[in-house]
Amino acid sequence: MVLKIPRAGRYWLFKTEPTSFSFDDLWRAPKRRTQWDGVRNYQARNLLRDEVKIGDGVLIYHSNHKPLSIAGIARVVREGYPDPTAFDPGDHHFDPDSDPDDPTWFMVDIEAVQPFDPPVQRDGLRKVPACSGMMLLQRGARLSVQPVAPQEWAAVLRLAGVAQR
DNA sequence: GCCAACGTTGGC
DNA sequence: GCCAACGTTGGC
């Protein structure tokens with residue numbers, strides 16, 4: 001399987017608990033797209049608002065799940081814009097302090113590109129020298145939107161048996 | 001279910 | 001601005 005993934009772009013890893021939203025959910029969504037809403041951490045917010053760009057590659061990581069693994073690839077199809085769930089009192093991620101005229105929380109839209117079958121397990125990444133610096137593997141790295149270096153991205157795709165061109 | 005690690009809050 | 005208390009994340 002060969003994918004057209006822009007090598008000059010930037011790469012990210014988005015965490016999700018598959019019991020709430022999985023890569024399969026994304027794959028089955030209309031147009032295979034979703035709004036990546038609900039991020040409530042300032043560091044992750046800054047990345048979503050300022051750094052994540054259209055066409056960037058995204059590894060979808062399943063946390064709190066066995067085996068811990070990267071389930072597939074997505075790409076960014078819309079850049080940072082206000083997360084409406086922050087303004088919805090009925091939403092689990094409602095934030096009464098977020099002013100609609102000066103939103104606190106941002107999200108991007110992503111589109112599934114390719115599932116990994118089988119998923120790339122986190123434990124396996126530890127054995128790959130190119131991945132030794134991955135934020136995902138660092139102790140206590142809780143950030144839910146993480147930058148991924150090009151060599152890390154390439155190594156993950158290689159492990160997944162996905163060829164880049 | 002435990003708990004280490006980390007982020008946020010709020011009193012001072 | 002410090003820092004203790006608290007809440008959350010997420011691997012184990």
- Task: Could you tell me whether A:Q138 atom CD has more than 12 heavy atoms of other residues or ligands within 6.0 Å of it?
- Result: yes
- Task: Apply side-chain hydrogen bond (donor to acceptor under 3.5 Å, both in side chains) to the pair A:N64 and A:E17, showing each step before the final yes or no.
- Result: CA-CA 6 Å; A:N64 275 317; A:E17 299 199 15; 3.0 Å; yes
- In 5'-to-3' order, the base (B), backbone-only (S) or no-contact (-) status of each nucleotide in nucleotides 3-12 of chain C, using a 4.0 angstrom heavy-atom cut-off, is ----BBBBBS
- pair A:L136-A:R122: side-chain heavy atoms closer than 4.5 Å: yes
- Any donor-acceptor pair under 3.5 Å linking the side chain of A:E79 with the backbone of A:I54? yes
- Item | Main-chain N/O of A:F21 paired to A:T16 side chain as donor or acceptor, under 3.5 Å | yes
- Report the end-to-end axis angle of the helix from B:dG1-C:dC12 to B:dC12-C:dG1; each axis comes from five terminal pairs, and the value is rounded to 10°. 10°
- Message: Between A:W36 and A:F106, is the ring centroid distance below 6.0 Å?
- Response: no
- Task: Give a yes or no answer on whether the side chain of A:D56 reaches the backbone of A:K53 with a donor-acceptor pair at less than 3.5 Å.
- Result: yes
- Residues touching DNA chain B, which here means a heavy atom under 4.0 Å, drawn from residues 88-105 of chain A: none
- So, A:D83 and A:T85: side-chain donor and acceptor under 3.5 Å apart, yes or no? yes
- What pair of heavy atoms forms the shortest contact from A:L143 to A:A44, and how long is it? CD1-N, 3.7 Å
- Item | Pairwise side-chain contact, A:H62 with A:K15, heavy-atom cut-off 4.5 Å (strictly under) | no
